[in-house]
Amino acid sequence: MMISNLKYSILGLCLMFAVSCDSILEVDVPDNLVHDEFWQNRDQVHASLMGMYSSMHSALNAYHVWGDVRSSLYAPGSGDSYTGSYGQFMQHDIYPNNGLLSWSSVYRSIAIINSFIKNAPAAVDNDITLRPEELRTMMGEAYALRALNYFYLVRAFKDVPILDEPYESDNQQFDLTVSPEAEVLDFLEADLERALRDAPTTFDDVAHRYGRITKNAVRALWADVKLWRNDYEGCLDLCQELDAQYASSLVDPLSWYTIFNPGNSPESIFEYQYGQLGPGSPLYNWFASFSRANSNGEKYLANATNVQLNSQELLYPPVLPEYETSDTIRLKSYAMTSNGTVSNGFGSALEVYKFLGAAPYQRSYRAANDRTANYIFYRYRDVLFMKAEAYAMMNQYAEAEQMINIVREHCNIPLLTPGESGEGPEFMARLLMEREFELGFEGKEWFAAVRIGRRPGYENVLIEKAATNNSLGKSFQVIRARLLDQESWFLPYHRTEVENNPQLEQKPFYRNK
């Protein structure tokens, strides 16, 4: 982890943010403790900055479940994930008592950031070694991280409370009503405007260069927000700045696996850093089976039926010898997935290898002291797919196919011929599959499907994809019926939050569940 002063980091987190797991609205911080004892010097400010990043570790499971697990690529693991909370997500039948709905870890991270934004500037007056320009770049990081947290919340729940004040007193009241989606998006875009102005351009240290907020990380996040809001020109404008740096940085086809091991590839924009210090990466235990020294068994497997159907019949015919598909890099055995199927009681499934392997294209799993795969938030190929989507929605399909072909070229895949991808919903269905094979299991493909499906005339793109070959054996018609109301694409508020906060009302779609 990027913590340079462990003592101050632990002290700062313990003093400032003792927040209950049951509700984001409970506080247990003595009056004036933060102001009187903490914000006194540069070391404490830097420790709090690192605390903002550290707090994201506890929110990663929420980020991942909300953003990805309803994707058609997922199958239940051989552990107990299919019997309860995770299974509800995979079969699109989610109840308000599902523990995975808890947003406490995300609002806890926001609370840490709020305290930094309010209190860090005071340290400039107390410590001359903290230069105003250094504080300004730190503030840019803070605003971007707050926007990232709110972007996860709004994509998962749509309407959410906006909390922009820190927990500093046990007399504060934080029973907040939800704000409409558009208002939350306006709020986080204002944060991103500040962040782009003030965030650092880059860092000399490799872990900081890829693991802390930079101007390019802000651009990637903001382009994603613009695309969510159907502001296609705004998305492309931000991506243009990223093209200037990353267009020549894509790794060559045979180096594709270096994106995940060792990570921090030249095309990386922002990824959560794991290493020898701090908490271990959760990715190994999410995707590794009992036989890989994972005592609980994997949470997730790949839906083998959809992987093979999509690749062989729709994307990359004909299949080449000794490959699952004619994609000779990503879907070769022991690249994205391992060789052979895994039994999980519901049908064929594949182990997700991309986060587990020490080397590609062969059976070579990470040693116990090397299970440090980073969690990738943004990399340049994601940006290329954003551009493809934006161009297509502007009826510029030639440019959209060009973006996809850049990715294909760097995976040794035959390029799309002009017009091969179709137009309208046909193009978007293909784009989602293209995204899944490059970005699968990286935490954002359900969000991408929702973003596309919400546009008039594109509803069936999400429904058809999510309802086909359900990994828990539910019929197409059952899943389709559950998804016909777009409110089902967003999550209910956790029952405990509704009970604890009189200002929070359950969504009508979920009130009788």
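These numbers come from the heavy atoms of this one structure, side chains and all, not from hydrogens, waters or symmetry mates.
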Answer yes if the side chains of [X] and [Y] hold a donor-acceptor pair under 3.5 Å, and no otherwise.
X	Y	result
Asn264	Ser268	no
Asp68	Ser71	no
Tyr380	Gln245	no
Thr214	Asn216	no

Side chain to side chain contact (heavy atoms under 4.5 Å, CB included) between Leu148 and Met56: does it pass, once the steps are laid out?
CA-CA 10 Å; Leu148 178 64; Met56 296 173 67; 3.7 Å; yes
Does [X] come within less than 4.0 Å of [Y], counting only side-chain N to carboxylate O?
X	Y	answer
Glu189	Lys226	yes
Arg194	Asp191	yes
Glu442	Arg381	no
Glu487	Lys158	yes
Asp186	Arg229	yes

State, with a plain yes or no, whether a side-chain heavy atom of [X] is found less than 4.5 Å away from one of [Y].
X	Y	result
Asn126	Asn41	no
Trp228	Phe151	yes
Tyr150	Val106	no
Met403	Val383	no
Glu165	Asn114	no
Leu462	Trp489	yes
Lys387	Leu236	yes
Val45	Glu134	no

To the nearest 0.5 Å, how far apart are [atom1] in [X] and [atom2] in [Y]?
X	Y	atom1	atom2	value
Leu356	Glu298	CG	CD	9.5 Å
Asn285	Arg371	CG	CZ	7.5 Å
Leu130	Trp39	CG	CH2	11.0 Å
Trp286	Tyr86	CH2	OH	8.0 Å
Tyr53	Ile113	OH	CD1	9.5 Å
Glu445	Arg451	CD	CZ	8.5 Å

Could you report the tightest heavy-atom contact between [X] and [Y], atom names first, then the distance?
X	Y	answer
Leu163	Leu176	CD1-CD1, 3.8 Å
Ala223	Cys235	O-SG, 3.6 Å
Ser102	Trp66	O-CZ2, 3.5 Å
Ala144	Leu192	CA-CD2, 4.4 Å
Asn98	Leu100	OD1-N, 2.8 Å
Gly99	His494	CA-NE2, 4.0 Å

Evaluate Tyr107 against Glu497 for side chain to side chain donor-acceptor pair (under 3.5 Å), listing each step before the verdict.
CA-CA 12 Å; Tyr107 275 104; Glu497 293 294 343; over 6 Å; no
Is there a side chain to side chain contact (heavy atoms under 4.5 Å, CB included) between Trp256 and Arg330? Walk through the geometry before answering.
CA-CA 7 Å; Trp256 178 80; Arg330 291 184 306 213; 3.4 Å; yes
With side chain to side chain contact (heavy atoms under 4.5 Å, CB included) as the criterion, how do Phe116 and Arg146 come out once you've worked through the C-alpha distance, each side chain's angles and the decisive distance to 0.1 Å?
CA-CA 11 Å; Phe116 184 93; Arg146 186 166 71 175; over 6 Å; no
Could you list the donor-acceptor pairs under 3.5 angstrom formed between side-chain atoms of residues 195-203 and any protein atom two or more places apart in sequence or on another chain?
none

Surrounding CD of Glu233 (heavy atoms of other residues, nucleotides or ligands, distance under 6.0 Å), is the total greater than 12?
no
Around atom CD of Gln240, are there more than 12 heavy atoms from other residues, nucleotides or ligands closer than 6.0 Å?
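Not more than 12 within 6.0 Å, no.
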Is it true that Tyr493 and Trp103 have ring centroids separated by less than 6.0 Å?
yes
Suppose we call two aromatic rings close when their centres sit under 6.0 Å apart. Are Phe441 and Tyr300 close by that rule?
no
Any donor-acceptor pair under 3.5 Å from [X] side chain to [Y] backbone:
X	Y	result
Ser55	Met52	yes
His410	Ile406	yes
Asp159	Glu181	yes

Could you go through Tyr257 and Tyr353, starting from their C-alpha distance and side-chain angles, then the distance that decides it, and tell me whether this counts as side chain to side chain contact (heavy atoms under 4.5 Å, CB included)?
CA-CA 10 Å; Tyr257 199 75; Tyr353 184 80; 3.6 Å; yes
Can you see whether Tyr74 has Arg70 sitting over its ring - NZ or CZ less than 6.0 Å from the centre and within 45° of the normal?
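Output no; distance or angle outside limits.
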Is the NZ or CZ atom of Lys444 both under 6.0 Å from the centre of the six-membered ring of Tyr378 and within 45° of that ring's axis?
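Ring-cation test returns yes.
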Residues which pass side chain to side chain contact (heavy atoms under 4.5 Å, CB included) with Glu505, listed by chain and number, not counting sequence neighbours:
Arg511
Picking from Leu250, Ile259, Thr258, Val251, what satisfies side chain to side chain contact (heavy atoms under 4.5 Å, CB included) with Pro266?
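So the option named by the test is Val251.
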